[in-house]
Peer 1: 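Below: one structure in structure tokens.
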Amino acid sequence: MYAQMVKSTGQGAKTRDEMTDEERDFQDRIDADIKIEPRDWMPDGYRKTLIRQIGQHAHSEIVGQLPEGNWITRAPTLERKMILLAKVQDEAGHGLYLYSAAETLGVSRDDLTAQLLSGKMKYSSIFNYPTLTWADIGAVGWLVDGAAIMNQVPLQRTSYGPYARAMIRICKEESFHQRQGYDIMMKMAQGSPEQRKMAQDALNRFWYPSLMMFGPSDKDSVHSAQSMAWKIKINTNDELRQKFVDQTVPQADYLGLTIPDENLKWNEETGRHDFSEPDWTEFFDVIKGNGPCNTERMNARMKAWEDGQWVRDGLLAHGRKRAAANVAAE
Ligand code: BYC
């Protein structure tokens, strides 16, 4: 039984004996890889976990536009500007698919936004860090989108249908994002000594925050066991972090850049890299709301929400008029 096989990480998943009949039937569907759809019965915890994870993911896509958008007007060439614009637009699209997927669970986008703005809901820790130079846009694409792909490719097989389907398109676009980031890094790494220095500096600043994107270490992950039993998550946080390090080290070597970790080395026995953990005190502080750019990010989201009120009002008024016209026509 899958739920009992799950590694005990943080809080455990319910055992089969602890489940009600409905919950057992539900778990059987999950174990048989049958997708759960919006109208199907689901345990409250399953619904709540999905709303939390999908909502947090949607918020991250939207907040993620801010550090990237910061460089649209300063991109070094027209071509780079067009590529970055397309990327930032993609992030908006990802946010919209994800908010729509969350809405199928009975929560409105307004509710989710209110929870983000009041600090009740989180967004990815990574977007608390500033993009100080053009090389940071390369590092964000290479490392941040790279980490996002590592996390999100398995989510294409997640048990909730609308989430899994949204992930398919998102992952295709994230691959393009990762390549555009790596392409910027290649240009910088092969450029002038100053450009090379900027590329190394961006890697130095984004390495550990990228490792944090996968969440706390398995022993501190409160949701992993139950989320994995429900196939809302497919891998543990540490498994994905390790895969990310193993994938990224040769990419850094190819660029001729140095990952800022003295303990990073290939381990013949495990067939993987050993590496230093990020500073978990910093991570928990960031997700508590004390990240370096949190106030700036939240102010920008608040302003966008307030500035957009007239659009939402207009759309609702138009919807009401159309509904009234339809009723009158009948
Ligand atoms: N940042 O029990 P755990 C993107 C929270 S990429 C903030 O392991 P879970 C993008 C966690 O919510 C980023 N908070 O949790 C990329 C929980 O707190 P609550 C978005 C984090 O949910 C490029 C607590 O720590 N991707 O959008 O099992 C360009 C304990 O953690 C973080 C996704 O969201 C973090 N890094 O696992 C543009 C992917 N890590 O909620 C945009 C889907 C942990 O109980 N999400 N926390 O208060 C996931 O796969 C999982 O939610 C996580 C965390 C792996 C992130």
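Nothing here was measured: the structure is a model prediction, and the numbers come from that model. One-based numbering, in listed order, for ligands and for the atoms of each.
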Peer 1: Any donor-acceptor pair under 3.5 Å linking the side-chain atoms of Gln309 with those of Arg312?
Peer 2: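 Judged by distance alone, the side chains do pair up.
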Peer 1: Considering only protein heavy atoms, which is closest to atom 10 (C) of ligand 1, and at what distance to one decimal place?
Peer 2: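 Ranking protein heavy atoms by distance from atom 10 (C) of ligand 1, first comes Phe127 CZ, 3.6 Å.
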Peer 1: Do me a favour and list the nearest non-hydrogen protein atom to atom 9 (P) of ligand 1 with residue, atom name and distance?
Peer 2: Lys233 NZ, 3.5 Å
Peer 1: Examine the proximity of ligand 1 to Asp220 and report which part, side chain or backbone, both or neither, has a heavy atom under 4.0 Å away.
Peer 2: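 The answer is neither; Asp220 stays 4.0 Å or more away.
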Peer 1: In the protein, which heavy atom is nearest to atom 12 (O) of ligand 1, and how far is it?
Peer 2: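 The answer is Gln56 OE1, 2.9 Å.
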Peer 1: Suppose we measure from atom 47 (N) of ligand 1 to each protein heavy atom; which comes out shortest, and what is that distance?
Peer 2: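 Going by distance alone, atom 47 (N) of ligand 1 is nearest to Phe283 CZ, 4.0 Å.
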Peer 1: Is the closest N or O pair between Arg52 and ligand 1 shorter than 3.5 Å?
Peer 2: yes
Peer 1: Would you say Glu61's side chain and Ala58's backbone share a donor-acceptor pair under 3.5 angstrom?
Peer 2: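 Side chain of Glu61 to backbone of Ala58: no pair is present.
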Peer 1: Give the residue and atom name of whichever protein heavy atom lies nearest to atom 1 (N) of ligand 1, and the separation in Å to one decimal.
Peer 2: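 Sorting protein heavy atoms by distance from atom 1 (N) of ligand 1 puts Ser125 N, 2.9 Å first.
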Peer 1: Report yes if Asp145 has an N/O atom closer than 3.5 Å to an N/O atom of ligand 1; otherwise report no.
Peer 2: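 The answer is no, given that Asp145 and ligand 1 share no N or O pair closer than 3.5 Å.
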Peer 1: Test His273 against every option in Asn263, Asp261, Asp246 by the side chain to side chain donor-acceptor pair (under 3.5 Å) rule and name the one that passes.
Peer 2: Asp246
Peer 1: Side chain, backbone, both or neither: which part of Asn237 comes within less than 4.0 Å of ligand 1 when only heavy atoms are counted?
Peer 2: side chain
Peer 1: Determine whether His59 and Lys122 make a side-chain contact, defined as any pair of heavy atoms from C-beta on separated by less than 4.5 Å.
Peer 2: no
Peer 1: Under a 4.0 Å heavy-atom limit, does Lys122 contact ligand 1 with its side chain, its backbone, both, or neither?
Peer 2: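 Under 4.0 Å from ligand 1, Lys122 contributes side-chain atoms alone.
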Peer 1: Taking the non-hydrogen atoms of Phe284, is any one of them nearer than 4.0 angstrom to ligand 1?
Peer 2: no
Peer 1: Would you please test Asp238 and Arg241 for salt bridge (charged side-chain N to carboxylate O under 4.0 Å, His left out) and show each step?
Peer 2: CA-CA 5 Å; Asp238 286 340; Arg241 195 171 4 255; 2.7 Å; yes
Peer 1: Show the atoms of ligand 1 that are less than 4.0 angstrom away from any heavy atom in Glu91.
Peer 2: 29 (C), 38 (C)
Peer 1: Using distance alone, determine whether Phe214 and ligand 1 share an N or O pair under 3.5 Å.
Peer 2: no
Peer 1: Considering the heavy atoms of Val144, write down every atom of ligand 1 situated less than 4.0 Å from one of them.
Peer 2: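 Atoms satisfying the 4.0 Å criterion: 23 (C).
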Peer 1: Using a 4.0 Å cut-off to any heavy atom of Ala148, which atoms of ligand 1 qualify?
Peer 2: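 Counting atoms of ligand 1 from 1, those under 4.0 Å from Ala148 are 6 (S), 16 (C).
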Peer 1: Which atoms of ligand 1 have any heavy atom of Tyr123 under 4.0 Å away?
Peer 2: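 Going through ligand 1 atom by atom, the ones under 4.0 Å from Tyr123 are 1 (N), 7 (C).
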Peer 1: If hydrogens are left out, which of His59, Lys288, Glu61, Arg241 has an atom nearest to atom 4 (C) of ligand 1, that is, the closest non-hydrogen atom?
Peer 2: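 Checking each option, the heavy atom nearest atom 4 (C) of ligand 1 is found in Glu61.
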Peer 1: Taking only heavy atoms of Tyr163, which atoms of ligand 1 are found under 4.0 Å from at least one of them?
Peer 2: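 Taking each heavy atom of Tyr163 in turn, ligand 1 has 43 (C) under 4.0 Å.
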Peer 1: Hey, can you tell me if Tyr46 and Trp230 have their rings parallel, tilted or perpendicular (30° and 60° cut-offs)?
Peer 2: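 Rings of Tyr46 and Trp230: perpendicular, as their planes differ by over 60°.
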Peer 1: Thr113 and side-chain contact (heavy atoms from CB on, under 4.5 Å): which single residue from Leu116, Asp110, Asp111, Leu117 fits?
Peer 2: Leu117
Peer 1: From atom 53 (C) of ligand 1, is the closest protein heavy-atom distance below 4.0 Å?
Peer 2: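 So far as the 4.0 Å threshold goes, atom 53 (C) of ligand 1 is out of reach of every protein heavy atom.
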Peer 1: Could you find the nearest protein heavy atom to atom 13 (C) of ligand 1 and give me its residue, atom name and distance?
Peer 2: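 Answer for atom 13 (C) of ligand 1: Ser124 CB, 3.5 Å.
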Peer 1: Does ligand 1 have a heavy atom under 4.0 Å from the side chain of His94, from its backbone, from both, or from neither?
Peer 2: neither
Peer 1: Where is the nearest protein heavy atom to atom 40 (N) of ligand 1: which residue, which atom, and how far?
Peer 2: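 The closest heavy atom on the protein side is Gly215 CA, 3.1 Å.
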Peer 1: Give me the residue, atom name and distance of the protein heavy atom closest to atom 46 (N) of ligand 1.
Peer 2: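 Result: Gln53 CG, 3.5 Å.
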Peer 1: Please evaluate residues Asp201 and Arg205 with respect to the criterion salt bridge (charged side-chain N to carboxylate O under 4.0 Å, His left out), reporting the C-alpha separation (whole Å), side-chain torsions for both, the decisive distance (0.1 Å), and the verdict.
Peer 2: CA-CA 6 Å; Asp201 175 56; Arg205 283 180 291 104; 3.0 Å; yes
Peer 1: Looking just at side-chain N and O atoms, do Gln180 and His177 make a donor-acceptor pair shorter than 3.5 Å?
Peer 2: no
Peer 1: Using a distance-only test with no angle check, is there a side-chain donor-acceptor pair under 3.5 angstrom linking Gln200 and Asn204?
Peer 2: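 Indeed, the side chains of Gln200 and Asn204 share at least one donor-acceptor pair under 3.5 Å.
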Peer 1: Of the backbone atoms (N, CA, C, O) and the side-chain heavy atoms from C-beta on, which set of Ser221 has a member under 4.0 Å from an atom of ligand 1: side chain, backbone, both, or neither?
Peer 2: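 Answer for Ser221: both.
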Peer 1: Under 4.0 Å from any heavy atom of Gln152, which atoms of ligand 1 are there?
Peer 2: 6 (S), 26 (N)
Peer 1: Any pair with a residue in residues 160-173 that passes side-chain hydrogen bond (donor to acceptor under 3.5 Å, both in side chains), sequence neighbours left out, goes on the list, sorted by first then second residue, please.
Peer 2: Glu37-Arg165, Gln53-Tyr163, His94-Glu173, Tyr97-Arg169, Thr104-Tyr160, Arg169-Glu173
Peer 1: Should the ring pair Trp280 and Phe284 be called parallel, tilted or perpendicular, given that the plane angle runs from 0 to 90° and is split at 30 and 60?
Peer 2: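 Tilted: the ring planes of Trp280 and Phe284 meet at 30° to 60°.
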Peer 1: If you measure every N/O of His223 against every N/O of ligand 1, is any gap under 3.5 Å?
Peer 2: yes
Peer 1: Here's a test for you: under side-chain contact (heavy atoms from CB on, under 4.5 Å), which of Cys293, Ser124, Ser125, Pro209 qualifies with Val286?
Peer 2: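 Among Cys293, Ser124, Ser125, Pro209, the one meeting side-chain contact (heavy atoms from CB on, under 4.5 Å) with Val286 is Ser125.
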Peer 1: May I ask you to decide whether Asp33 forms a salt bridge with Arg157, counting only side-chain N to carboxylate O separations under 4.0 Å?
Peer 2: no
Peer 1: When rounded to the nearest 0.5 angstrom, what distance separates CD1 in Ile232 from CD1 in Ile54?
Peer 2: 8.0 Å
Peer 1: For ligand 1, is any non-hydrogen atom under 4.0 Å from Ile287's backbone (N, CA, C, O), its side chain (CB onward), both, or neither?
Peer 2: side chain
